[in-house]
Amino acid sequence: MNTFTATPADIDKKWIIIDAEGVVLGRLASIIAMRLRGKHKPSFTPSMDMGDNVIVINADKVQLTGKKRTDKVHYWHTGYPGGIKSRTAGQILEGDHPERLVTKAVQRMLPGGKLSRQQMTNLRVYAGTEHPHEAQKPEVLDVKSMNKKNTRSA
């Protein structure tokens with residue numbers, strides 16, 4: 001008996017759309033990461049990019065539990081001496097690019113390496129409800145109904 005290993009001809013990529021309004025960020029990110037890697041498929045092969053293309057809308061309406069909106073701090077460095085900068089999760093959500101919070105959460109749930117960077121190109125995150133991917137006919141994935149813990153009221 002041989003172990004099944006997928007080849008590029010075996011890979012079937014779908015387009016799925018997820019509405020992030022009222023969904024807890026960490027739970028959303030773990031579901032998206034699983035879909036991007038393809039772990040939900042029975043033919044999962046760790047060394048192949050066999051995940052789906054994921055579209056996330058309403059990323060600006062994602063929920064954070066506890067005091068993470070005010071206490072969770074994201075740091076980065078400009079490269080200059082003394083150039084460490086920081087913003088809270090709430091500041092990022094209220095800023096110009098709230099979709100970066102979802103993108104970063106998903107990126108940190110994927111293993112590091114070339115394959116992860118390739119899989120991240122299959123993720124498209126939009127702050128509002130509009131997206132330019134109607135031609136791909138994405139299927140709706142209802143994260144809210146998967147588990148009652150996936151949602152929080154504002």
Side-chain angles (χ1 to χ4, degrees), residues 1-66 68-69 72-74 76 87-154:
M1 180 157 64
N2 293 332
T3 304
F4 174 76
T5 305
T7 61
D10 298 331
I11 296 173
D12 178 36
K13 287 181 168 280
K14 289 192 232 168
W15 283 80
I16 61 169
I17 186 165
I18 298 174
D19 187 1
E21 186 174 1
V23 179
V24 177
L25 177 63
R27 288 174 167 268
L28 174 69
S30 66
I31 290 167
I32 294 171
M34 181 188 69
R35 290 281 173 164
L36 286 175
R37 285 204 71 201
K39 292 191 91 170
H40 62 289
K41 296 181 180 179
S43 61
F44 172 67
T45 304
S47 61
M48 299 293 293
D49 178 15
M50 54 188 327
D52 296 333
N53 291 290
V54 181
I55 304 164
V56 181
I57 57 172
N58 290 325
D60 56 343
K61 296 183 179 103
V62 74
Q63 294 294 315
L64 295 163
T65 58
K68 291 188 193 106
R69 192 174 285 272
K72 184 180 172 103
V73 182
H74 291 264
W76 71 95
R87 277 206 186 118
T88 64
Q91 289 172 327
I92 294 171
L93 281 174
E94 292 158 11
D96 291 338
H97 303 285
E99 62 275 359
R100 289 182 184 167
L101 198 64
V102 175
T103 306
K104 218 38 163 160
V106 173
Q107 180 185 351
R108 290 172 176 163
M109 289 196 180
L110 292 172
K114 278 186 188 179
L115 185 59
S116 290
R117 289 189 289 277
Q118 183 183 351
Q119 289 166 343
M120 279 299 290
T121 62
N122 296 328
L123 174 66
R124 288 140 182 106
V125 185
Y126 300 100
T129 56
E130 300 298 317
H131 65 88
H133 306 288
E134 285 300 323
Q136 281 75 27
K137 298 182 180 76
E139 299 174 11
V140 176
L141 181 68
D142 192 12
V143 177
K144 294 177 185 176
S145 66
M146 287 180 174
N147 189 333
K148 65 177 181 159
K149 294 180 184 177
N150 288 355
T151 58
R152 285 283 184 327
S153 59

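Below, each value reflects all heavy atoms present in this structure, side chains not excepted, and no hydrogens, waters or symmetry copies.
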**Q** Evaluate R124 against H131 for side chain to side chain contact (heavy atoms under 4.5 Å, CB included), listing each step before the verdict.
**A** CA-CA 9 Å; R124 288 140 182 106; H131 65 88; over 6 Å; no

**Q** Between CD1 of I57 and CD of E99, what distance do you get to the nearest 0.5 Å?
**A**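 Those atoms lie 13.5 Å apart.
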
**Q** Considering all heavy atoms of both residues, which atom of L28 and which atom of A20 are nearest to each other, and what is their separation?
**A**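 In terms of heavy atoms, the two residues are closest at CD2-CB, 3.7 Å.
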
**Q** Kindly give the heavy-atom pair with the smallest separation between L110 and A33, and that separation in Å.
**A**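 Looking at all heavy atoms of both residues, the shortest contact is CD2-O, 3.8 Å.
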
**Q** Taking everything shown except K41 itself, do over 12 heavy atoms lie less than 6.0 Å from its NZ?
**A**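 Yes, because the 6.0 Å sphere around NZ of K41 holds more than 12 heavy atoms from other groups.
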
**Q** Atom CG in N58, atom CD in E130: separation rounded to 0.5 Å?
**A** 10.0 Å

**Q** A side-chain contact here means heavy atoms from C-beta on lying under 4.5 Å apart; do M34 and F44 qualify?
**A** no

**Q** Using the side chain to side chain contact (heavy atoms under 4.5 Å, CB included) rule, take I31 and N150 through it: C-alpha gap first, then chi angles, then the decisive distance, then the call.
**A** CA-CA 10 Å; I31 290 167; N150 288 355; 4.1 Å; yes

**Q** Do you know which two heavy atoms are closest between T45 and A6, and how far apart they sit?
**A** OG1-N, 3.0 Å

**Q** Quick one, Y126 and P132 - any side-chain contact, counting heavy atoms below 4.5 Å?
**A** yes

**Q** Would you name the heavy atoms of V125 and L123 that are closest together and state the gap between them?
**A**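 Smallest interatomic distance, heavy atoms only, reads CG2-CG, 3.8 Å.
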
**Q** Do K13 and D49 meet the salt-bridge criterion of a basic N to acidic O distance under 4.0 Å?
**A**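 Here D49 pairs with K13 in a salt bridge, since their nearest N and O are under 4.0 Å apart.
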
**Q** With no hydrogens and no angle check, do the side chains of H40 and D52 hold a donor and an acceptor under 3.5 Å apart?
**A**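 Side chains of H40 and D52: pair found under 3.5 Å.
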
**Q** Would you call V106 and M120 a side-chain contact if the rule is heavy atoms closer than 4.5 Å?
**A** yes

**Q** Mind checking the CG-OG1 spacing from D60 to T129? Nearest 0.5 Å is all I need.
**A** 9.5 Å

**Q** Answer whether the closest heavy-atom distance between the side chains of R69 and T88 falls below 4.5 Å.
**A**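 They are not in side-chain contact.
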
**Q** Is there a side-chain contact between L141 and R35, using heavy atoms and a 4.5 Å cut-off?
**A**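 They are in side-chain contact.
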
**Q** So, does K144 use its side chain to make a donor-acceptor pair with the main chain of E21 at under 3.5 Å?
**A**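 Indeed, once roles are kept as given, a pair shorter than 3.5 Å links the two residues.
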
**Q** Do L25 and V102 have side chains that get closer than 4.5 Å, going by heavy atoms?
**A** yes

**Q** To the nearest 0.5 angstrom, please state how far the CZ atom of R87 sits from the CG atom of L93.
**A**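 It comes to 12.0 Å.
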
**Q** Report yes if some heavy atom in the side chain of L101 is under 4.5 Å from a heavy atom in the side chain of H74; otherwise report no.
**A** yes

**Q** Of all the heavy-atom pairs spanning L64 and K68, show the shortest one and how long it is.
**A**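 It is CB-CB, 4.1 Å.
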
**Q** What's the spacing between T7 OG1 and I11 CD1 if we round to 0.5 Å?
**A**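 Going from OG1 on T7 over to CD1 on I11, the span is 7.0 Å.
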
**Q** If you count every heavy atom of other residues, nucleotides or ligands that lies below 6.0 Å from D96 atom CG, does the total exceed 12?
**A** no

**Q** Atom OG1 of T65 and atom CZ of R27: how far apart are they, to the nearest 0.5 Å?
**A** 9.5 Å

**Q** Give me the atom names and distance for the closest heavy-atom approach of M50 to R37.
**A** CG-O, 4.0 Å

